[in-house]
S.K.: 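This is the structure I want to talk about, given as structure tokens.
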Amino acid sequence: MEDNWKVTDNLLLYGGMRWESFDNMNGEGVSFVEAKNLKAPRLGFSWDVKGDATTKLYGTLGRYFIPVASNTNIRATRGEYSVDRFYRYTGMDPVTAAPLGLTEVGTPLVNGDGKLPNPATVADMNLKPMSQDELILGFQQAVMKGWSFGARAVFRKVNNGMDDYCSHSAFQRWAEDNGHPNFDSGTMAQCMMVNPGEDVTLQVDLDNNGKLVPVTFPAAYIGLEKYTRKYAPLEFSLDRPFDGKWSLNASYTLSKSKGSAEGYVNSVINQEDAGVSQDFDFPSLTHGSEGYLSNDRRHVLKAFGNYMLNERMRLGFNATVASGRPISCIGYVPYDAFDYDDASGYNVASSYYCLNAQGKSELHNRGTFGRTPWSSSLDMSFAYLRKFGTHKLTLQVDVFNVFNSQKVTEVDEQRDYSRATTSDVEGRLNLNWRRPTSYQTPRGVRFTARYEF
């Protein structure tokens, strides 16, 4: 629902309200997360300051709800079981390259038991829906014929972030402290959807008698840091709309992106498991997580435009210059962590505890080990346009990264060599820490033919 109100000839106010509901179900159609009648208000204004459309002030304020990721529906409600085994080998098959002479090393790492969780047990009964508040204030000024300059400030803040939590020791401790000696946390779902940093209410078999009862576990027992994310950019732009001959748009953005989670994925360890990342699986994984996020690029300059050589030929360009992303020090949860027994089953470095030069685990906040280099890229295009009556043919060639810039875009952020070598005496260091793992995409060419009729 939305309505506009023209207060004066120069001032327009508008407001709206969006009602929405979410119902997330397992494969059998049983709900495990449901949110009804969520109200998301929107407000805004636009003021033609001089009444001649040369100077405009505007602003918007709104809330936007973020639904549970589809991937979460699958991962949180299905049975999961995996086994990691490690081997030494003596050679390789000359044809298939398969390893030969295998000898198993250590003990297998078992994750899950394959059982389907009860949908009533996989999410906090009081789970608050995730949302984002956004405030925008800006102005636009005509500076000369056909040109306009603009500036705007934006602020976005996540509310009630949600993710999965996979530690059972907190529930076991609470039960022991509150007179339930028969409680077995193994009867619970492997992981539960929660609002990190908040109390958690779950249906549990508290006395191990087969009866589920609602229990609220205090946030102090759960031990998770709060889910936070704030994004604050200041944008400046210069725009000349296409007039039949040429157009140009240029912008500069100064911004900060900070918090304990960047969203549904984790770029530090390149995890794309939307909505169920490792970020909040165990309390120790959240220690030091507050900091500048992987998508924090303090400075970004962009420019793009088109120029008609004649009625049939068009040139275009798109240029970007950006500062680097933050670098973190990632390692394994140390042996003296209170939730080590839970976190030690992960063979992927996921915590902000990492080894120092002496091989001892230290806690460092996210994004405090420098940044990747600045990068730049220029893309150009040439198009041939031809009309055949009401039909139109466009033949276009695009050249991406014209100067074939090869700046580093990502580095190895893992400081610990492996789970097995992160010891309580002297751990082994990963010598590739902070070395490049990814570069800009090399120069490429694309040919396109389009016929409109």
Side-chain angles (χ1 to χ4, degrees), residues 21-36 38 65-82 110-130 160-175 180 183-219 221-224 227 261 263-266 271-283 285-286 339 342-343 345-346:
S21 300
F22 302 116
D23 190 4
N24 296 80
M25 298 177 284
N26 66 5
E28 297 178 344
V30 180
S31 297
F32 69 96
V33 172
E34 186 174 11
K36 296 181 178 180
L38 304 177
F65 283 96
I66 305 171
V68 175
S70 299
N71 180 60
T72 305
N73 291 2
I74 300 170
R75 290 290 313 281
T77 61
R78 74 180 181 186
E80 292 194 349
Y81 176 74
S82 64
V110 180
N111 182 32
D113 57 13
K115 296 179 181 179
L116 292 174
N118 184 330
T121 67
V122 298
D124 184 349
M125 298 175 65
N126 298 323
L127 189 70
K128 300 173 184 176
M130 187 173 177
N160 305 319
M162 66 174 72
D163 211 307
D164 66 327
Y165 174 68
C166 303
S167 175
H168 284 191
S169 59
F171 307 121
Q172 196 73 50
R173 289 197 311 273
W174 183 92
H180 299 279
F183 175 68
D184 178 8
S185 63
T187 61
M188 302 178 68
Q190 181 181 350
C191 298
M192 293 70 66
M193 293 300 298
V194 303
N195 297 120
E198 304 287 341
D199 294 347
V200 176
T201 301
L202 297 168
Q203 292 271 15
V204 296
D205 185 359
L206 189 58
D207 294 309
N208 204 17
N209 58 8
K211 297 180 180 179
L212 294 178
V213 294
V215 178
T216 297
F217 299 93
Y221 274 88
I222 302 300
L224 291 176
Y227 188 121
Y264 279 154
V265 298
N266 185 335
Q271 186 183 18
E272 300 174 347
D273 209 0
V276 287
S277 70
Q278 295 183 13
D279 289 359
F280 297 93
D281 284 6
F282 308 112
L285 301 186
T286 68
D339 58 349
D342 288 325
Y346 281 16

S.K.: Using 30° and 60° as the class limits, which term best fits the ring planes of Tyr165 and Phe171: parallel, tilted or perpendicular?
M.R.: perpendicular

S.K.: So, do Phe22 and Phe65 have ring centers that fall under 6.0 Å from each other?
M.R.: no

S.K.: Partners of Thr121 by side-chain contact (heavy atoms from CB on, under 4.5 Å), sequence neighbours excluded?
M.R.: Asn118, Ala189, Gln203, Leu212

S.K.: Would you say Asp199 and Thr216 are linked by a side-chain donor-acceptor pair, where the criterion is simply a distance under 3.5 Å?
M.R.: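 Note: Thr216 and Asp199 side chains miss the donor-acceptor criterion.
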
S.K.: Decide yes or no for Val215 and Leu202: does some side-chain heavy atom of the first lie under 4.5 Å from some side-chain heavy atom of the second?
M.R.: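 When only atoms from C-beta onward are counted, Leu202 and Val215 do not touch, as no gap falls below 4.5 Å.
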
S.K.: Could you tell me whether the side chain of Asn24 reaches within less than 4.5 Å of the side chain of Phe32, counting heavy atoms only?
M.R.: yes

S.K.: Please list, chain by chain and in numerical order, all residues satisfying side-chain contact (heavy atoms from CB on, under 4.5 Å) with Ser185, sequence neighbours excluded.
M.R.: His168, Gln172, Phe183, Met188

S.K.: Is there side-chain contact between Tyr227 and Glu198, with at least one heavy-atom pair below 4.5 Å?
M.R.: no

S.K.: Measuring from Phe282:CZ to Cys191:SG, what's the distance to the nearest 0.5 Å?
M.R.: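 SG of Cys191 is found 7.0 Å from CZ of Phe282.
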
S.K.: Which pair of non-hydrogen atoms, one from Pro283 and one from Gly223, has the smallest distance, and what is that distance?
M.R.: CB-O, 3.4 Å

S.K.: Quick check against the 3.5 Å criterion: does Asn160 have a side-chain atom that pairs as donor or acceptor with the backbone of Lys128?
M.R.: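 No, because the side chain of Asn160 does not come within donor-acceptor range (under 3.5 Å) of the backbone of Lys128.
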
S.K.: Any chance you could measure Asp23, atom CG, to Lys36, atom NZ, to the nearest 0.5 Å?
M.R.: 8.0 Å

S.K.: For a 4.5 angstrom cut-off between non-hydrogen side-chain atoms, does Val194 reach Leu224?
M.R.: yes

S.K.: Could you tell me the separation between the CG atom of Leu38 and the OG atom of Ser21, rounded to the nearest 0.5 Å?
M.R.: 6.0 Å

S.K.: Less than 4.5 Å apart, any side-chain heavy atom of Phe217 and any of Val204?
M.R.: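 Sidechains of Val204 and Phe217: in contact.
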
S.K.: Using atom types as modelled and distance alone, determine if a side-chain donor or acceptor of Asp207 lies under 3.5 Å from a backbone N or O of Asn209.
M.R.: no

S.K.: Hey, does Met25 have a side-chain heavy atom less than 4.5 Å from the side chain of Val30?
M.R.: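 Heavy-atom side-chain distance check fails, nothing below 4.5 Å.
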
S.K.: So how far is it from Leu285 CG to Asp342 CG, rounded to the nearest 0.5 Å?
M.R.: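 Interatomic distance, Leu285 CG to Asp342 CG, rounded to 0.5 Å: 10.0 Å.
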
S.K.: What I want to check is whether the side chains of Ser167 and Asp339 have a donor and an acceptor closer together than 3.5 Å.
M.R.: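 Absent: no donor and acceptor within the cut-off.
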
S.K.: Looking only at heavy atoms, what is the nearest atom pair of Val200 and Asp124, with distance?
M.R.: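 The answer is CA-OD2, 3.6 Å.
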
S.K.: What is the distance from atom OH of Tyr346 to atom CG of Asp281, rounded to the nearest 0.5 Å?
M.R.: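 One finds 3.5 Å between OH of Tyr346 and CG of Asp281.
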
S.K.: Say whether, by atom type as modelled, one donor and one acceptor occur between the side chain of Asp164 and the main chain of Met192 under 3.5 angstrom.
M.R.: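 Not confirmed, Asp164 side chain does not pair with Met192 backbone.
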
S.K.: To the nearest 0.5 Å, what is the distance between CE on Met193 and CG on Asp163?
M.R.: 6.0 Å

S.K.: Would Asn266 and Asp279 count as having a side-chain donor-acceptor pair, cut-off 3.5 Å?
M.R.: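 Side chains of Asn266 and Asp279: pair found under 3.5 Å.
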
